[in-house]
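Each chain gets a letter, A, B and so on, in the order the sequences are listed, and its residues count up from 1.
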Number of protein chains: 2
Amino acid sequence: MNMHSTKQTDIQIDHILKHNQLSVTDSRKKILELFLQSNGALAHGDIEKKTGEKFDRVTVYRTLQVFMEKGIIHTIPTADNAVRYALCKDECTEGHHHDNHVHFVCNACGNTICLEEVHVPEVKLPKGFQPTEVQMIVSGICKECH
Amino acid sequence: MNMHSTKQTDIQIDHILKHNQLSVTDSRKKILELFLQSNGALAHGDIEKKTGEKFDRVTVYRTLQVFMEKGIIHTIPTADNAVRYALCKDECTEGHHHDNHVHFVCNACGNTICLEEVHVPEVKLPKGFQPTEVQMIVSGICKECH
DNA sequence: AAATTATTTGCAACAAAGTTGCAGAATATT
DNA sequence: AATATTCTGCAACTTTGTTGCAAATAATTT
């Protein structure tokens with residue numbers, strides 16, 4: 001058994017890129033594969049490490065930028081300085097993200113996990129405040145590290 | 001009428017610093033004054049601008065670090081790369097922060113505001129996930145910009 | 001109130017993170 | 001297979017954050 005992508009995911013990756021009018025290149029395939037493999041979120045640094053220095057730093061930056069613009073990934077805010085990225089669900093289109101689920105950051109393994117099944121609860125804001133997006137980040141110890 | 005701090009706030013600033021066993025210096029006074037004046041949160045860059053390049057970048061970094069350690073300020077996570085800091089309430093002590101209120105980021109004016117009166121609601125997590133801290137960031141249009 | 005001690009500041013030098021222009025390489029189109 | 005388009009990697013640069021150390025400032029002692 002190998003650790004490489006199956007034909008299944010290859011087809012999936014190809015489809016996502018073409019569907020977003022992006023050229024299918026090695027770097028984009030590899031980075032997208034990383035996101036599909038990890039159910040959690042990835043920081044820029046993680047990606048550089050996991051691709052094994054195969055691609056230039058600049059390429060990784062630009063790939064993440066493009067994926068953001070196309071609505072393939074979204075950012076997750078964190079209290080430390082590291083911005084993390086995670087895959088968007090299908091409903092996400094260019095500029096419009098609908099990832100209203102809770103994110104969990106594990107203090108032990110450092111992983112950020114999308115808790116798809118946990119919805120962000122409603123909150124009542126003071127008069128005059130008009131919300132457009134709500135982010136909820138829970139930190140602690142994850143399932144695996146428990 | 002001048003824009004400088006009143007004697008009242010001067011005394012307050014002095015008290016906060018001494019209470020935390022910190023030397024009372026110009027930079028610390030000025031930076032703390034900025035936090036007391038703005039009801040919102042400040043990024044490192046904001047502070048550099050508002051102090052009018054009076055202090056070295058390094059001093060600002062170190063002052064924020066010390067204020068963090070002493071529990072005078074806390075960080076607010078954001079989706080962009082800029083970490084913001086805000087004053088902690090009195091209950092905050094070294095290492096222990098109790099700022100479980102909602103933070104609001106205005107897309108118009110860019111300000112981050114602490115909604116002290118809005119508590120972060122409880123969420124049920126899947127089995128095995130042990131939460132220690134919950135952050136909630138709402139973005140949209142604030143009271144002033146509405 | 002002056003002298004001593006302890007702490008803090010600013011400089012310089014560096015490290016890390018992110019950006020931009022452009023020629024060559026890879027992908028897509030005809 | 002040839003052309004047009006897009007993407008990559010390099011180099012050079014900007015921005016952001018860190019560290020060591022001597023000079024300056026604040027706190028303490030006499």
Side-chain angles (χ1 to χ4, degrees), chain A residues 10-11 13-34 41-70 72-85 94 110, chain B residues 10-11 13-34 41-70 72-85 94 110:
Chain A
D10 274 351
I11 291 165
I13 286 167
D14 218 77
H15 175 259
I16 293 172
L17 291 175
K18 282 188 177 148
H19 184 254
N20 285 283
Q21 295 138 52
L22 292 173
S23 308
V24 179
T25 66
D26 285 352
S27 50
R28 287 176 182 165
K29 276 194 285 187
K30 182 67 192 169
I31 292 173
L32 195 44
E33 191 189 325
L34 284 179
L42 298 171
H44 173 94
D46 298 329
I47 293 162
E48 274 197 288
K49 273 168 218 148
K50 294 203 181 186
T51 51
E53 301 175 18
K54 238 172 97 184
F55 306 109
D56 196 87
R57 271 163 13 91
V58 179
T59 302
V60 177
Y61 280 116
R62 287 200 269 229
T63 303
L64 289 173
Q65 237 170 258
V66 170
F67 283 3
M68 281 283 292
E69 285 163 17
K70 294 294 182 179
I72 300 171
I73 57 175
H74 63 270
T75 56
I76 298 167
T78 48
D80 64 345
N81 236 332
V83 173
R84 267 165 255 265
Y85 303 87
E94 206 159 331
Chain B
D10 273 352
I11 292 165
I13 287 166
D14 218 78
H15 175 259
I16 293 172
L17 290 175
K18 281 188 177 148
H19 184 254
N20 286 283
Q21 296 139 51
L22 292 172
S23 310
V24 179
T25 66
D26 286 352
S27 51
R28 286 176 182 165
K29 276 194 286 186
K30 183 67 192 169
I31 292 174
L32 195 44
E33 193 189 323
L34 285 179
L42 298 172
H44 174 94
D46 298 329
I47 292 161
E48 273 197 291
K49 274 168 216 150
K50 294 201 180 188
T51 51
E53 302 176 19
K54 239 172 97 185
F55 306 108
D56 196 87
R57 272 163 11 92
V58 179
T59 303
V60 177
Y61 279 116
R62 288 200 268 229
T63 304
L64 290 173
Q65 238 170 259
V66 169
F67 283 3
M68 281 282 293
E69 284 164 14
K70 293 294 183 178
I72 299 171
I73 56 174
H74 62 269
T75 56
I76 299 167
T78 49
D80 62 348
N81 237 333
V83 173
R84 267 164 254 265
Y85 303 88
E94 207 159 329

* **Nearest-Å distance for atom pair NZ/C1', residues B:K29 and D:dA27** => 14 Å
* Asked: What's the shortest heavy-atom distance between A:Y85 and A:T75, and which atoms?
  -> CE2-CG2, 3.5 Å
* **Heavy-atom closest contact (B:H44 atom, B:V60 atom, distance)** => CE1-CG1, 3.5 Å
* To do: Whole angstrom is fine here: how far is it from CG in A:L64 over to P in C:dA17?
  => 14 Å
* Measure the distance from NZ on A:K54 to P on D:dG9 and round it to the nearest whole Å. => 10 Å
* **CG-CD1 distance between A:L34 and A:I47, expressed to the nearest 0.5 angstrom** => 7.0 Å
* Asked: Among C:dG10, D:dG17, D:dA26, which nucleotide sits nearest the side chain of B:Y61?
  -> D:dG17
* Starting at atom CZ of A:R28, determine the distance to atom C1' of C:dA28, rounded to an integer number of angstrom. => 12 Å
* What are the two closest non-hydrogen atoms of A:A43 and A:R84, and how far apart are they? -> N-CG, 3.9 Å
* Just by modelled atom types, is the A:I16 backbone N or O under 3.5 Å from a matching donor or acceptor in the A:N20 side chain? -> yes
* To do: Determine: side-chain N/O of B:S23 to OP1/OP2 of C:dT8, distance under 4.0 Å, yes or no.
  => yes
* Structure fact -> From NZ of B:K30 across to C1' of C:dT9 the rounded distance in Å is 18 Å
* B:L32 CG to C:dT8 P: how many Å, rounded? -> 15 Å
With the criterion being N/O to N/O and under 3.5 Å, what pairs connect the protein with nucleotides 11-15 of chain C, and how long is each?
residue : atom : partner : partner atom : Å
C:dC11  : OP2  : B:D56   : OD1          : 3.4

* **Sub-4.5 Å side-chain heavy-atom contact between B:I72 and B:L22** => yes
* To do: Kindly say if A:T25 contacts the phosphate of D:dC7, meaning a side-chain N or O under 4.0 Å from OP1 or OP2.
  => no
* **For atom CD of A:Q21 and atom P of D:dT5, their distance in whole Å** => 16 Å
* **Residue closer to the 5' end of DNA chain D, B:H44 versus B:K18 (nearest nucleotide)** => B:H44
* Calculate the interatomic distance between A:D26 atom CG and D:dC7 atom P; express it in whole Å. => 14 Å
* **Value rounded to 0.5 Å, distance of CG in B:D56 from OG1 in B:T63** => 10.0 Å
